[in-house]
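Reviewing the structure listed below.
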Amino acid sequence: MNPIAIAVPWAVWALVWIGFFGLAIWAVLRLRMHARSQQRLRSEHRLQFEALAPVPDEDMRWMGRWLFVAGFRRPDATTIFVVATAAALVLGVAVAFMLRALPWYRQSVVWMDTLPGGTGGMMIPVLVVMPWVVAVLIASIPWLYVRAARRRRVREIGEDLPIALQVMATLARAGLGFDTALTRILESAEPGRTLTEELQTFRGENLGGIPRAQCWKRFARRLDVPSVSMFVSAMVHAEQVGGGLSNVLEHQAEDAMSRRREAALVAAHALPVKLVFPLVLCFLPGIFVWTLGPAFYKFIELIDQVMRKGT
């Protein structure tokens, strides 16, 4: 048989298989590129593909609303918080009983009872209450965590809102529209900040077809911050009456900067008053114990000896 007649079909089949695998690899790469582009579009304008962002309504109970404005917006956030609080309470009670069962705890109570002059008797109730104080502190960890998250969000909004309004007012005076100015701000903003995420949600809702005034109201309800509510009221009023956007943004930026300046001055004036409590409660007792503790101990011991001799 002719070798050429045998080699030609094999070469054709090899080319066919190479072309098939090449086409398959090309299709896989195209699908991956399409999936990445879709994922990027969903991350940038996720509200066009998904449902609207939730907002706290009138039927929501106080705990759900409190968790919502603190940033915990899952549908089961209230259930998770209640379960976490119950678990922290059980853990606190267990730690309290464990502290009461420790040998050093019992020895400290006995040692306090043997102090001269009966002064240790005043410290015994403190030792008895101390495990339960620890239990209360452990049980309040979920509440403190949510409170810290809410304070962090409010602080971030207070830091970012004046700067964002100033930049937006400058861009509006330069002739840019509101949507373009908002896009420029979101592109240059630090990701992960509260105001940046909420403005992205606002832009997504607006691009999804919701009227801008309603988007502003939903924006204010999601944050529930007085400075944001005043800014939203001004923007909704300007949207309804057709006022100049640059003037409204400029006035709002000045008001936000003045409020931030006043808050900084109030915090600076309140600092000396706040320093009194740690100084009096923590610093001065340590000094008294370190300097006058041995003298008081000798004095109480001397009084105890005199009283024993008198009896």
Using a strict cut-off of less than 4.0 Å between a Lys/Arg side-chain nitrogen and an Asp/Glu carboxylate oxygen, indicate whether Asp224 and Arg153 qualify as a salt bridge. no
Taken to the nearest 0.5 Å, the spacing of Met235 CE from Leu165 CG works out to 8.5 Å
Output yes when Glu197 and Arg222 qualify as a salt bridge under the 4.0 Å nitrogen-oxygen rule, no when they do not. no
Positive for side chain to side chain contact (heavy atoms under 4.5 Å, CB included) with Leu223, one of Val69, Val232, Thr194: Thr194
To the nearest 0.5 Å, how far apart are CZ in Arg184 and CG in Asp179? 12.5 Å
Using every non-hydrogen atom in the two residues, find where Gly158 and Arg260 come nearest and quote the distance to one decimal. O-CD, 3.8 Å
Contact check, side chains of Glu254 and Gln166, non-hydrogen atoms, under 4.5 Å: no
How many angstroms lie between OG1 in Thr78 and CE in Met63, if you round to the nearest 0.5 Å? 7.0 Å
Using modelled atom types only, decide if a donor and an acceptor are shared between the side chain of Thr85 and the backbone of Phe81 within a distance under 3.5 Å. yes
Are Val95 and Pro131 packed together at the side-chain level, in the sense that at least one heavy-atom pair is separated by less than 4.5 angstrom? no
Nearest 0.5 Å, what's the CG-CD1 distance between Leu144 and Ile138? 12.0 Å
Minimum heavy-atom separation for Ala189 to Thr196, with atom names? CB-OG1, 3.5 Å
Hydrophobic cluster membership, Phe231 vs Ile163, 4.5 Å side-chain cutoff: yes
Give the C-alpha distance, both sets of side-chain angles, the deciding distance and a yes or no for side-chain contact (heavy atoms from CB on, under 4.5 Å) between Met168 and Ile185. CA-CA 7 Å; Met168 197 178 298; Ile185 290 175; 3.5 Å; yes
Same hydrophobic cluster for Trp143 and Tyr145, using side-chain heavy-atom links shorter than 4.5 Å among ILVMFWY? yes
Could you give the distance from CE (Met257) to CG (Asp255), rounded to the nearest 0.5 Å? 11.5 Å
Please determine whether a side-chain nitrogen of the Lys or Arg among Arg152 and Glu159 lies less than 4.0 Å from a carboxylate oxygen of the Asp or Glu. no
Taking all non-hydrogen atoms of both residues, which atom of Pro272 and which atom of Ala268 are closest, and how far apart? CD-O, 3.5 Å
Between Arg193 and Leu195, is a side-chain contact (heavy atoms from CB on, under 4.5 Å) present by the stated rule, with each step listed? CA-CA 6 Å; Arg193 304 283 288 184; Leu195 186 62; 5.6 Å; no
Heavy-atom nearest pair, Pro142 first then Ala88, reads CD-CB, 3.8 Å
Is there a chain of hydrophobic side chains (I, L, V, M, F, W, Y, each step under 4.5 Å between heavy atoms) that links Val146 to Trp62? yes
Grouping I, L, V, M, F, W and Y whenever their side-chain heavy atoms are under 4.5 Å apart, do Leu89 and Leu137 come out in a common cluster? no
Minimum heavy-atom distance Pro162-Ile157, with the two atoms named: CD-O, 4.2 Å
Take Phe219 and Gln214 through the side-chain contact (heavy atoms from CB on, under 4.5 Å) test and state the conclusion after the steps. CA-CA 8 Å; Phe219 174 77; Gln214 187 177 355; over 6 Å; no
Measure centre to centre between the rings of Trp66 and Phe72, then say whether the value is under 6.0 Å. no
Rounded at 0.5 Å granularity, tell me how far CD in Gln200 sits from OG1 in Thr183. 10.5 Å
Under 4.5 Å between side-chain heavy atoms, counting indirect links through other Ile/Leu/Val/Met/Phe/Trp/Tyr residues: same cluster for Leu249 and Val167 or not? yes
So, for Ala169 and Ser246, which heavy atoms are closest and what is the spacing to 0.1 Å? CB-O, 4.4 Å
Intermediate values then yes/no, side-chain contact (heavy atoms from CB on, under 4.5 Å), Phe178 and Leu171: CA-CA 9 Å; Phe178 175 78; Leu171 294 176; over 6 Å; no
